[in-house]
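See structure below.
Throughout, protein chains are lettered first and strands after them, A, B, ... in sequence-line order, and every chain is numbered starting at 1.
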Number of protein chains: 2
Amino acid sequence: MRVEVVNTGTELLLGKVVNTHAGYFGQELFKLGLRIQRQTTIPDGDEIREVLEECFPRTDVILITGGLGPTSDDITREVVAEMLGLDLILDESILDTINHMFRSRGYTPSKSNDRQAMVPAGATVLENPNGTAPGLYVPANAEAGSPHLFLIPGPPRELKPMFENLIFPKMAALVGDDAIPETRNFRIYGVGESTLASTLEPLLEPIADLELGYCARLGEVDLRLIGPPEAIEAASVVVRSKYREDIIAEAEDPIEEVIQRLLDEKGETVSTAESCTGGFIAHSITNASGSSRVFHQGFVTYANEAKRDLLGVPEEVLTQFGAVSNETVIAMAEGCLRVSGADHAIAVSGIAGPTGGSDEKPVGTVHVAVASKGEDTFAKRYFNPVDRLSFKMRVTRLALDLLRRRLLGFPLD
Amino acid sequence: MRVEVVNTGTELLLGKVVNTHAGYFGQELFKLGLRIQRQTTIPDGDEIREVLEECFPRTDVILITGGLGPTSDDITREVVAEMLGLDLILDESILDTINHMFRSRGYTPSKSNDRQAMVPAGATVLENPNGTAPGLYVPANAEAGSPHLFLIPGPPRELKPMFENLIFPKMAALVGDDAIPETRNFRIYGVGESTLASTLEPLLEPIADLELGYCARLGEVDLRLIGPPEAIEAASVVVRSKYREDIIAEAEDPIEEVIQRLLDEKGETVSTAESCTGGFIAHSITNASGSSRVFHQGFVTYANEAKRDLLGVPEEVLTQFGAVSNETVIAMAEGCLRVSGADHAIAVSGIAGPTGGSDEKPVGTVHVAVASKGEDTFAKRYFNPVDRLSFKMRVTRLALDLLRRRLLGFPLD
């Protein structure tokens, strides 16, 4: 079953409002084994007709958002009725509801709202407890050559409950009881998308009906396996054997949630000593709800004096090796462990740029250390010559992944 | 000039990644007096051909994102070359750059990356310092019936700098100097978009040829004035008189840059003591290059013990008033000022949620304090009942704006 989404709304194209509808529909429909084949955004007004004419012959369902309001450029309802040759009939009960809603908020209902109570003959009204315009479901019509049409109000707080309560069940009924393909996600650290593909694809090629999807970001790749259960199981064995230590999760868990879980299991805590990441590691750890159990404090020691005064990094270390060195991050991590009383400490120091680099230590150079009670402190130099914000993000992921490996007893190097 | 956007990316349609590209382009192109007429999202793979065939005859420019990566479903480059009858030529310098980038990060370049170095004959390479795949500009081609094409990598941190530095100037040249309207941006804190509109629009109505654009996010609104210079000047006088203290910048400067400039002018520094924001304030401050001049250290004191041990918050204050109170944030800010030796300190403590709220202090409650050498410490309770990450971001903006007002000698309340 082919599904398309059409979003009408000039504000979406001007960038005033981010279009979250398509993503929301995509996530929900995936549960039914459906994928959105195309999503189109157009301004309010006449272009809806042209887009629907293009969509009708090639698709089975269209989810149309916006264009149901009271203003003159809200014309979706009228265009659909005209294209399908359906009369628009005033629905008195909708009109009553709208008028009641206006009065209860202290407004006088305006004549322009009457249009919102017009229903194409044969359409099902989708109630909207969160706004004035109801949604509409117009079943596929072979004579008019039209697919199933869902007309949905644009505001997310009206759209989402309507989709969940009324449209999703109708879509499920349209899909029927067909087997929904299984999917499994592997979140993998430190392997490029292209390396992953060229390593795995030859190995997975013999597995029938297996589909692969990739989504890379900031040092991580999401590898999605799609297919029948036995194909997914067979492929998972291969992925695990190839990338055992690099797998953050066999799911879509952010690394901070994985780390929180690992720390929770051991009843342990972590503290942070950040220079170049400027607080982003602590921010990432505390993005996971419940982080107060495993994270009690962190330090942003941007200046040398802060590294010395707060973490006890010896002046000689800073002078002899510089702030960006293994020796300094080791002293930062071990000082952080001591001062905070945590079980683990992560320390980073580097050159985020765009200025501050040298031949010996160019922009992008970073040293990361992981110290843990009763274990040798690990430290290493890395290189991430990217823009300042990406550098902070990449180094954060790197540092968190080193902690993950430490917590799992994997080698860090 | 008609502009369309085509986004390729299965992950966009699956809802794994929110499509922010169209909105970003929309905001930027508005500065050139352009509006996006249609935006289409399709999965990775073959559909790009069908969509481009539809777009070619009806539009002047297409911005195409995604599909430039190394995997087998990244085919935008090849499809465009084939549709236009252009040879794909290996660009050795791109290949060198890609291989160098891989090696410098400790990876072995894989053969599949070679495709990223292929350039359609006659296309201009758009350098990508933030990733492997360069962008491409293929000028309009009357023979092939093709409009101007920009092929842009999908990841936002690659796409945005490329658009800003390379594509925007080309678009400006295509529009022509005469047709580009003058614009001025006011970044305003703490005023809702609808309030701003209903306050300003009656006052600005008499100014001829003035157009207004709004873009709201996280407590800030960008108000864009568009029109002839004298209209912009007249409107600016009105905006300044109405919102003097709320104007972060008459430009698009992020608040952290404004703060850095103000601190630099005074030769002063700031330090941070964060609970619920978990490091995001320090992160924001250090996003501005050069922040090491004005920011030397910050504390993430998540646990009560950390507030006590690192900042000297008295145990009695924590017991009597709780961690989320004016008394605690005042003690945090003043302790931070003392320990860090900075001229100013910001402290925040609140309930980010989703759990941890109570009737008296529901999720979203936050107290913020600003302490400065030789001035009374300011503290106040605020309420931001939004999701955890939005809460951290909003509270950070709020705290930074309070510091801005302090640095400018404006009242904080």
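- Here the side chains of A/K392 and B/T286 are in contact, with some heavy-atom distance below 4.5 Å.
- Within the 4.5 angstrom heavy-atom criterion, no atom of A/E4 approaches chain B.
- Taking the charged nitrogens against the carboxylate oxygens, B/E11 and A/R224 have no contact shorter than 4.0 Å, which rules out a salt bridge.
- For A/T10, the part lying under 4.5 angstrom from a heavy atom of chain B is the side chain only.
- Within the 4.5 angstrom heavy-atom criterion, only side-chain atoms of B/F30, from C-beta onward, approach chain A.
- Of the listed residues A/L14, A/L12, A/I42, the one with more heavy-atom pairs under 4.5 angstrom with chain B than any other is A/L14.
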- [ ] Applying side-chain contact (heavy atoms from CB on, under 4.5 Å), run through A/R38 and B/V51 and close with a yes or a no.
- [x] CA-CA 10 Å; A/R38 193 187 289 198; B/V51 170; 3.4 Å; yes

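- At a 4.5 Å heavy-atom cutoff, B/F25 makes no contact with chain A through either its backbone or its side chain.
- Of the atoms belonging to A/T301, it is backbone heavy atoms, and not side-chain ones, that fall under 4.5 Å from chain B.
- Heavy-atom distances place both the backbone and the side chain of B/P354 under 4.5 Å from chain A.
- Residue B/R58 touches chain A through its side chain alone, counting heavy-atom pairs closer than 4.5 Å.
- Neither the backbone nor the side chain of B/E274 comes within contact range of chain A; no heavy atoms are under 4.5 Å apart.
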- [ ] In sequence, state the C-alpha distance, the side-chain angles, and the governing distance for A/Q39 and B/Q39, and then conclude on side-chain contact (heavy atoms from CB on, under 4.5 Å).
- [x] CA-CA 8 Å; A/Q39 178 272 132; B/Q39 177 272 131; 3.2 Å; yes

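- The existence of a salt bridge linking A/R35 and B/E47 is excluded, since no basic side-chain nitrogen approaches an acidic carboxylate oxygen closer than 4.0 Å.
- Contact of B/A288 with chain A is made through the backbone alone, with heavy-atom distances under 4.5 Å.
- Annotation: B/H283 is in aromatic contact with A/F280 [ring centroid separation under 6.0 Å].
- A/A282 and B/V300 make their closest contact through CB-CG2, 3.9 Å (heavy atoms, listed as atom of the first residue, atom of the second, distance).
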Task: Stepwise side-chain contact (heavy atoms from CB on, under 4.5 Å) check, B/T41 with A/T40 - done: CA-CA 6 Å; B/T41 311; A/T40 307; over 6 Å; no

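- Residue A/V5: no heavy atom, backbone or side chain, is found under 4.5 Å from chain B.
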Task: side-chain contact (heavy atoms from CB on, under 4.5 Å) assessment of A/V18 paired with B/V18 - done: CA-CA 8 Å; A/V18 174; B/V18 174; 3.6 Å; yes

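- Chain A forms more heavy-atom pairs under 4.5 Å with one residue of B/A22, B/G353, B/P161, B/S291 than with any other, namely B/S291.
- Annotation: A/D46, atom CG; neighbour count of heavy atoms from other residues, nucleotides and ligands within 6.0 Å does not exceed 12.
- Neither the backbone nor the side chain of B/T132 comes within less than 4.5 Å of any heavy atom of chain A.
- With a 4.5 Å cut-off on non-hydrogen atoms, A/I285 does not touch chain B at all.
- Salt-bridge annotation for B/E256 and A/R388: absent, with no side-chain N of the basic residue lying under 4.0 Å from a carboxylate O of the acidic one.
- Of all heavy-atom pairs spanning B/N287 and A/L389, the tightest one is OD1-CD1, 3.7 Å.
- Taking the salt bridge (Lys or Arg N to Asp or Glu O under 4.0 Å) definition, one finds that A/E28 meets it with A/K31, sequence neighbours left out.
- Looking at B/I281, there are no atoms closer than 4.5 Å to chain A (heavy atoms on both sides), in backbone or side chain.
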